[in-house]
Amino acid sequence: MKGIVFTELLEMAEQAIGEEAVDDILDQLDLDSGAAYTSVGNYPCAELMRIVGAVSDLTGIPTDDLQRKFGAWMHGRFVQTYPQFFADKTTVLDMLAAIESEVHVEVRKLYSDAELPRFDTAWIGPDHLRMTYRSERPLVAFCHGLIEACVDHFGQGAQIGLERVSPREAVFDVRLET
């Protein structure tokens, strides 16, 4: 998993619970990486999950809720760092439909070793998109947070249905409110 995910998680946690608390968590976890993350490095997803679990334990926020908050955080970072991906999209559905065909194509150009999730999309109607998320990582809730933040970003009302197939696969139904 790319280090940017780790560095952003730690930054979000530091803002929420403080740098000292995050340092204590990292010291207690005794991670193989030594918790020395760089944004361009690659690290095991298991370490990310251990950090999320430890922050959850400390704060009492359930891990799925924490992943959703982190997904929303990352969406904000994506908007800041890659505004070009959002510039020509008029609806949240246009943006979500472009993740696999546009965004991930560009990410792979920048990071050829990136192991990205797969998003298969199908238009059910002009205001309804079905997204099937598949990943090697158990990050369905993180993806849910990204989708929620994307809806907020476009300022459109939408209902997000979620069918969890497994911790690594889910079907999201995103319907614009008319």
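Basis for what follows: all heavy atoms, side chains included, without hydrogens, waters or symmetry-related copies. The first residue of the sequence shown is numbered 1, and numbering continues consecutively from there.
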Does atom [atom1] of [X] have more than 12 heavy-atom neighbours, drawn from other residues, nucleotides or ligands, at distances under 6.0 Å?
X	atom1	value
E19	CD	no
E20	CD	no
D32	CG	no

Before you tell me yes or no, could you show the steps for V92 and L176 under side-chain contact (heavy atoms from CB on, under 4.5 Å), namely the whole-Å CA-CA distance, both residues' side-chain angles and the distance that decides it to 0.1 Å?
CA-CA 9 Å; V92 64; L176 295 181; 3.6 Å; yes
Rounded at 0.5 Å granularity, tell me how far [atom1] in [X] sits from [atom2] in [Y].
X	Y	atom1	atom2	result
L146	I99	CG	CD1	7.5 Å
I51	L31	CD1	CG	5.5 Å
S101	E106	OG	CD	10.5 Å
E148	I160	CD	CD1	5.0 Å
I17	M12	CD1	CE	9.0 Å
T81	M74	OG1	CE	8.0 Å

Quick check: is [Y] connected to [X] through a chain of hydrophobic side chains (ILVMFWY, heavy atoms under 4.5 Å apart)?
X	Y	result
L139	Y111	yes
V79	F70	yes
V165	I147	no
F154	W123	yes
Y133	V171	no

What closest approach, in Å, do [X] and [Y] show between heavy atoms, and which atom pair accounts for it?
X	Y	result
A98	K89	CB-CE, 3.5 Å
T63	G53	CG2-CA, 4.2 Å
F119	C143	CE2-SG, 3.5 Å
R168	E136	NE-O, 2.9 Å
S56	L66	N-CD2, 3.7 Å
Q67	V140	OE1-N, 4.2 Å

A side-chain contact here means heavy atoms from C-beta on lying under 4.5 Å apart; do L10 and L26 qualify?
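SC-SC contact between L10 and L26 confirmed.
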Determine whether P44 and S33 make a side-chain contact, defined as any pair of heavy atoms from C-beta on separated by less than 4.5 Å.
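Not touching, per the 4.5 Å side-chain cut-off.
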Can D94 and F86 be said to form a side-chain contact (heavy atoms from CB on, under 4.5 Å), step by step?
CA-CA 9 Å; D94 294 335; F86 299 86; over 6 Å; no
Which residues pass the side-chain contact (heavy atoms from CB on, under 4.5 Å) test with Q159, not counting sequence neighbours?
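Q159 satisfies side-chain contact (heavy atoms from CB on, under 4.5 Å) with E177 only.
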Under 4.0 Å between a side-chain nitrogen and a carboxylate oxygen: does that hold for K109 and E102?
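No, K109 and E102 are not salt-bridged.
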I25/V55 under side-chain contact (heavy atoms from CB on, under 4.5 Å): CA gap, chis, key distance, verdict
CA-CA 7 Å; I25 286 171; V55 172; 3.8 Å; yes
Is there a donor-acceptor contact under 3.5 Å from the side chain of [X] to the main chain of [Y]?
X	Y	result
R130	D173	no
Y82	R77	no
S39	G3	no

What about F78 and F85, are their ring centers closer than 6.0 Å?
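They do not qualify: ring centres at least 6.0 Å apart.
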Candidate pair I4 and T7, rule side-chain contact (heavy atoms from CB on, under 4.5 Å), full reasoning
CA-CA 5 Å; I4 186 78; T7 59; 4.0 Å; yes
As a quick check of understanding, evaluate salt bridge (Lys or Arg N to Asp or Glu O under 4.0 Å) for K69 and E8, giving each step before the final call.
CA-CA 12 Å; K69 288 178 185 294; E8 290 296 334; over 6 Å; no
Mind telling me whether Y37 and F6 have parallel, tilted or perpendicular rings, with 30° and 60° as the class edges?
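F6 vs Y37 ring planes: parallel.
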Option among L162, D127, L93 that satisfies the side chain to side chain contact (heavy atoms under 4.5 Å, CB included) test with V174:
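Only one option passes, and that is L93.
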What residue among R137, K2, R134 forms salt bridge (Lys or Arg N to Asp or Glu O under 4.0 Å) with E115?
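That would be R137.
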